Amino acid sequence: MRLVAVILCLAGSAVADPGPDIVILGEVHDNPDAHLGQAAALADLRPTAVVFEMLTPDEAAKADADRTLIAQAWEASGWRDFPIYAPIFDALGAARIVGAAAPRDTVRSVYNDGPAGLFGADAPRFGLDLPLPADQQATRAALQFDAHCQAMPIEMMAGMVAVQRYRDAVFARAALAALETYGAPVAVIAGNGHARTDWGVPAQIARAAPGVTTHAIAFVEGPTDVPFDDIRIVPPTTRDDPCASLKAN
């Protein structure tokens, strides 16, 4: 009798805890093993929709309407290496394909003019109408400086931070819209910088919709101090020096 009670209690706990509403799957863009990890996570999660950093809403809508056009939509997006991303699409099942990439002219405008005006009327909901705290602004500018191989003046990094904030908010808004339209769980495929819990997509969702639960999984090539809910280390990929061309110019 006691065993039955324990089983019923565990079953009740499972029903009470259905899992996070939105799962953010971070990545190292050019690492095939990261994408295999994301694909496995999607197969386990079985999301209703997957939001892609790489596809615009129009590109994603075409791919969603006709899955034979996925590779064509990918090529139109300008992202490379579709074969290493193909396992993600193979793992979608019935999940809807949602795009959240901003057009390049929009990104240029955000770089020059800031994120609030381009984001629209709900910019305050995501905090885009306010400057970042000075210490966070400085930290994020330094990270962008390193990410751009220190090949550009540090003063130019303020625009890069603005673009990152804009993208995080756009991805969060798209995920929330997908959640409202299709129900939980929703997945987001984006770079690890967007998946960090302190100021990335999870933080933007928490600010805009405090009742929505998230879980951020990072697929990284080594130990990291960047905050995520779950860190999964994948083998480093072989790549050329990403800074070589920038330093040469």
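Only a predicted model underlies this, so the values are computations on that prediction, with no experimental measurement involved.
- Ring geometry for W79 versus Y85: interplanar angle over 60°, hence perpendicular rather than tilted (30 to 60°).
- No more than 12 heavy atoms of other residues, nucleotides or ligands lie within 6.0 Å of CG in D240, so this atom counts as exposed by the packing criterion.
- Side-chain N or O atoms of N31 include one that pairs as donor or acceptor with a backbone N or O of A34 at under 3.5 Å.
- The two atoms that bring V51 and A100 nearest to each other are CG1-CB, 3.8 Å, heavy atoms only.
- Side-chain heavy atoms closer than 4.5 Å link hydrophobic residues (I, L, V, M, F, W, Y) into clusters, and following such links, possibly through other members, connects L179 to V188.
- N192 contributes a side-chain N or O that, together with a main-chain N or O of F219, makes up a donor-acceptor pair within less than 3.5 Å.
- For R173 (side chain) and F126 (main-chain N/O), no donor-acceptor pair under 3.5 Å exists by modelled atom type.
- For the pair V50/L42, a side-chain contact is recorded, criterion being any heavy-atom separation below 4.5 Å from C-beta on.
- The shortest distance between side-chain heavy atoms of R67 and L92 falls below 4.5 Å.
- Under a hydrophobic clustering in which Ile, Leu, Val, Met, Phe, Trp and Tyr are joined whenever their side-chain heavy atoms come within less than 4.5 Å, directly or via other members, V170 and V161 fall into different clusters.
- In this structure, I189 is not a member of the same hydrophobic cluster as L69, with clusters built from ILVMFWY side-chain heavy atoms closer than 4.5 Å.
- You'll find the side chain of V107 stays beyond 4.5 Å of the side chain of V110, heavy atoms only.
- Judged purely by atom type and a 3.5 angstrom limit, Q144 has no side-chain atom pairing as donor or acceptor with the backbone of A158.
- Heavy atoms only, all atoms of each residue included: G26 and A195 are closest at CA-CB, 3.9 Å.
- D198 contributes no side-chain N or O that, together with a main-chain N or O of A203, makes up a donor-acceptor pair within less than 3.5 Å.
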R239 and V28: CA distance, side-chain angles, deciding distance, side-chain contact (heavy atoms from CB on, under 4.5 Å) verdict: CA-CA 12 Å; R239 60 176 65 88; V28 178; 3.6 Å; yes
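- A distance of 9.0 Å separates CD1 in I84 from CG in L36, rounded to the nearest 0.5 Å.
- Within a 6.0 Å sphere centred on CZ of R165, heavy atoms belonging to other residues, nucleotides or ligands number more than 12.
- Using a distance-only test at 3.5 Å, with no hydrogens or angles considered, a donor-acceptor pair links the side chain of E59 to the main chain of T56.
- Within the model, atoms CZ of R207 and CD1 of I205 stand 14.0 Å from one another, a figure rounded to the nearest 0.5 Å.
- Note that CD of E221 and OG1 of T237 are 6.5 Å apart. Values are rounded to the nearest 0.5 Å.
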Criterion side-chain contact (heavy atoms from CB on, under 4.5 Å) on V212 and L176, from CA distance to verdict: CA-CA 8 Å; V212 173; L176 290 170; 3.9 Å; yes
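- Distance alone, capped at 3.5 Å, is enough to place a donor-acceptor pair between the Y111 side chain and the M156 backbone.
- In this structure, Y166 OH and Q204 CD are separated by 12.5 Å, a value rounded to the nearest 0.5 Å.
- Remark: of the listed residues L45, L25, I24, I231, L25 is the sole one forming a side-chain contact (heavy atoms from CB on, under 4.5 Å) with I217.
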Verdict with supporting geometry, I70 and F82, side-chain contact (heavy atoms from CB on, under 4.5 Å): CA-CA 10 Å; I70 289 174; F82 177 74; 3.7 Å; yes
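- D168 approaches G200 most closely through the heavy-atom pair OD2-CA, 3.7 Å.
- Heavy-atom minimum distance, Y182 versus A49: CD1-CB, 3.7 Å.
- Listed here is the closest heavy atom pair of T213 and P20: OG1-CA, 3.3 Å.
- Taken together through direct or relayed side-chain contacts under 4.5 Å among Ile, Leu, Val, Met, Phe, Trp and Tyr, I97 and I88 form part of one hydrophobic cluster.
- Under a cut-off of 6.0 angstrom, the local environment of CD in E75 is sparse, with at most 12 non-hydrogen atoms contributed by other residues, nucleotides or ligands.
- Without hydrogens or angle criteria, D21 side chain to P185 main chain gives no donor-acceptor distance under 3.5 Å.
- Residue Q150 qualifies as enclosed at atom CD: its count of foreign heavy atoms under 6.0 Å is above 12.
- The only option from F171, F52, W199 that meets the ring-ring contact (aromatic ring centres under 6.0 Å, His included) definition with H194 turns out to be F171.
- Using modelled atom types, no side-chain atom of T214 and backbone atom of P202 make a donor-acceptor pair closer than 3.5 Å.
- Looking at D66, its side chain never comes within 3.5 Å of a backbone N or O of K62 through a donor-acceptor pair.
- Nearest heavy-atom pair, L55 versus S77, reported as atom, atom and distance to 0.1 Å: CD2-CB, 4.0 Å.
- Under the 4.5 Å side-chain heavy-atom criterion for grouping Ile, Leu, Val, Met, Phe, Trp and Tyr, F145 is not connected to V226 through any hydrophobic cluster.
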Candidate pair M54 and W74, rule side-chain contact (heavy atoms from CB on, under 4.5 Å), full reasoning: CA-CA 8 Å; M54 303 81 185; W74 189 268; 3.5 Å; yes
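- Annotation: the span from H215 atom NE2 to D230 atom CG amounts to 4.5 Å, rounded to 0.5 Å.
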